[in-house]
Structures are given as C-alpha cells and as structure tokens.
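Just so we're on the same page: letters track the sequence lines, and every chain starts at 1.
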Number of protein chains: 2
Amino acid sequence: MKIQENYTCALLLSMDLLGGKWKMRILWHILNGDNRFSLLQKGIPDITSKMLITQLKELEQSNILTRTVVSEKPLNVEYTLSTDYKGLIPLVEGFCDFSKEYAQQNGISLGDL
Amino acid sequence: MKIQENYTCALLLSMDLLGGKWKMRILWHILNGDNRFSLLQKGIPDITSKMLITQLKELEQSNILTRTVVSEKPLNVEYTLSTDYKGLIPLVEGFCDFSKEYAQQNGISLGDL
DNA sequence: CTGCATCCCAAAGGATACTG
DNA sequence: CAGTATCCTTTGGGATGCAG
C-alpha cells in the first residue's frame, strides 16, 4: 500500500489519497447514486474492471469508502462515502464547477452532462 | 500539449489541468507568497528544476497561472494565479484541510507546517 | 536567477480473458 | 454481479549537467 505514516506536506497526502486518473470521478459517481460496481461501470464507460476494482480497494483501504456486502447469493456489494469524510463532497463538486467555468472560458466542450 | 478540446466528463478536465504530483502544491505556494522560481524551489525542496519549470509552463499554458517578466537583467519573473481562476483557492485549501483532518483520524504525521 | 536538454526508470494505467 | 490474473504500453517524474 502506498499511504505513508509521515508527510511533510498536507497536499502530498491528498494526492496519495485522491490523486490519479479515476478516484475523484469514482467518488462523484458514488455521490450521485452509482453505489454498485456495475452502476459505476455504466457511469464510467471508459474504465476497465481492473482499474475500477483497484481504485475502489485503495479508497476502501484508506477508509474513504465503506464497502458493504448486501447479500452473498447473488453477490451484491454497496460502496458509500465514509461518514467521516463527507467533507470531500464540496471538493468533488468544486472541481466540477471549476471545470465547467474553465471550459466555458477556454472554448472546451464538456459533452453532454 | 495535453488539454483536449472535448471532454465527456468535467473531472477529466480537472485532472488534466491540476492532476499530477506537483500542481496543487505549486499553486498553494504561489498563493502563500512564493511567487518566484527560486522561492518555489525553497518552499518545495523535493522538486527538481525540471519538474518545477515543466509544471509552471503547463499551468501557464492553460491560463491558470500568469507569468510576468519583472526585469530582464537580471532575469526576474513573477508567477501569479490568474484572476479568472481565483475559484481555485478554496479548492487548494479544502484539500489541505481534508488532509489535516484525515491525518488526525488515521494517526498520520504531517511534519511541521 | 531562470530555465533547457538528455537520458532513464518505476509506476500507473490499459487489453484481454477468465472466475466464484 | 463482483471481481481476478497476465501481460503489455505509456508516461510521469527523477538525475545530472548545461545555458542565457
């Protein structure tokens, strides 16, 4: 695992926890109702199952996500944002808002949404 | 350059603009008074000049940073956050706050600060 | 002081196929 | 439905030295 015990800078920790191509996107989708593996795959069509499970595991191991087994047969699992870190919600949304503003000012298309 | 003209997801754009190991840290330091190349090197001792200039250039090319030549001889350059994107300030600080909270709850040391 | 050029490597991420 | 296993490619980033 990659989270250290000591950091000399808060933002280094943030990047270890939330950096990379997928984690913020996954969080956004979980916050918007895609709380199952299959729903996340539909919501993020360009992610492979390997990358999805890898990122989910890392987020779970760092206590940011909570994984709940709803039923065993058939296997049914639910992912939710840990209650401790609801503070991430405004950050995820803040990035979305920033991107929208940026796209508008720089002539970039953001597809549907 | 890596910024596309079309994105299917706002967070993809955010990650292209601000992702990676250094950009948020550099922004934090610029927001806290380290507005010169040499000041940034002092404030971020673990960055190489190559990485610093690379990241500064990308942030400048995406209009997030403004580069101002203060004097030619000796060369003196100033980096500032573009007025258009002051909205990034609460995001940078939000990450810092999140890290501090997270570190406390998970027994992680954040060095001095 | 600010910045560029090489060379290099580890790690992040992708393709594809398969499993309980 | 929710994952795993391999193999492979790309790229972000580091080391070092040089330049205007």
Side chain of B:W22 only, please: which of D:dT4, D:dG13, D:dA2 is the nearest? D:dG13
Atom-to-atom span, NZ of B:K2 to P of D:dT11 - whole angstrom: 11 Å
Below 4.0 Å: OP1/OP2 of C:dC4 and any side-chain N or O of B:K57: yes
Of all the nucleotides listed (D:dA2, C:dG14, C:dG3), which has the minimum atom distance to the side chain of B:Y79? C:dG3
Report the nucleotide, chosen from D:dG3, D:dA2, C:dG13, that has the shortest atom-to-atom distance to any side-chain atom of A:R36. D:dA2
Of the listed D:dG13, D:dG3, C:dT2, the closest approach to the A:R67 side chain comes from D:dG3
Quick check: does any side chain N or O of B:S99 sit under 3.5 Å from a backbone N or O of A:S14, one acting as donor and the other as acceptor? yes
Selected nucleotide, minimal atom distance to B:V77 side chain, candidates C:dG3, D:dG14, D:dA2: C:dG3
Starting at CG of B:L75 and ending at C1' of C:dG3, how long is that distance when rounded to a whole Å? 8 Å
How close or far is atom P of C:dA15 from atom CG of A:L52, stated in whole angstroms? 15 Å
Atom CG of B:D46 and atom C1' of D:dA15 are separated, to the nearest Å, by 15 Å
Determine yes or no for a side-chain-to-main-chain donor-acceptor pair under 3.5 angstrom, with A:K2 supplying the side chain and A:D16 the backbone. yes
A:D34 CG to D:dC1 C1', straight-line distance once rounded to whole Å: 15 Å
Tell me: CZ of B:F37 to C1' of C:dT2, nearest whole Å? 6 Å
Of the candidates D:dA2, C:dG14, C:dG3, the side chain of A:M51 sits closest to C:dG14
Distance, rounded to the nearest Å, where B:I44 contributes CD1 and D:dG13 contributes C1': 14 Å
Is there a donor-acceptor pair closer than 3.5 Å between any side-chain N or O of B:S82 and the backbone N or O of B:N63? yes
Looking only at the side chain of A:K21 (C-beta and beyond, no hydrogens), which of the listed nucleotides D:dA2, C:dG13, D:dT4 gets closest? C:dG13
Stepwise salt bridge (Lys or Arg N to Asp or Glu O under 4.0 Å) check, B:E78 with B:R36: CA-CA 5 Å; B:E78 186 178 283; B:R36 309 296 165 106; 3.4 Å; yes
Using a cut-off of strictly less than 4.0 Å, decide whether B:S49 has a side-chain nitrogen or oxygen near OP1 or OP2 of C:dG3. no
Would you state whether a donor and an acceptor, one from the side chain of A:K50 and one from the base of C:dG14, lie under 3.5 Å apart? yes
Quick one: CD on A:E58 to CD1 on A:I64, what's the gap to the nearest 0.5 Å? 10.5 Å
Whole angstrom value for the distance that separates C1' of D:dA19 from NZ of B:K73: 13 Å
Counting side-chain heavy atoms from C-beta on, which of C:dT2, D:dG3, D:dA2 comes nearest to A:I53? D:dG3
Nearest to the side chain of B:T48 - C:dC4, D:dG14, C:dC1? D:dG14
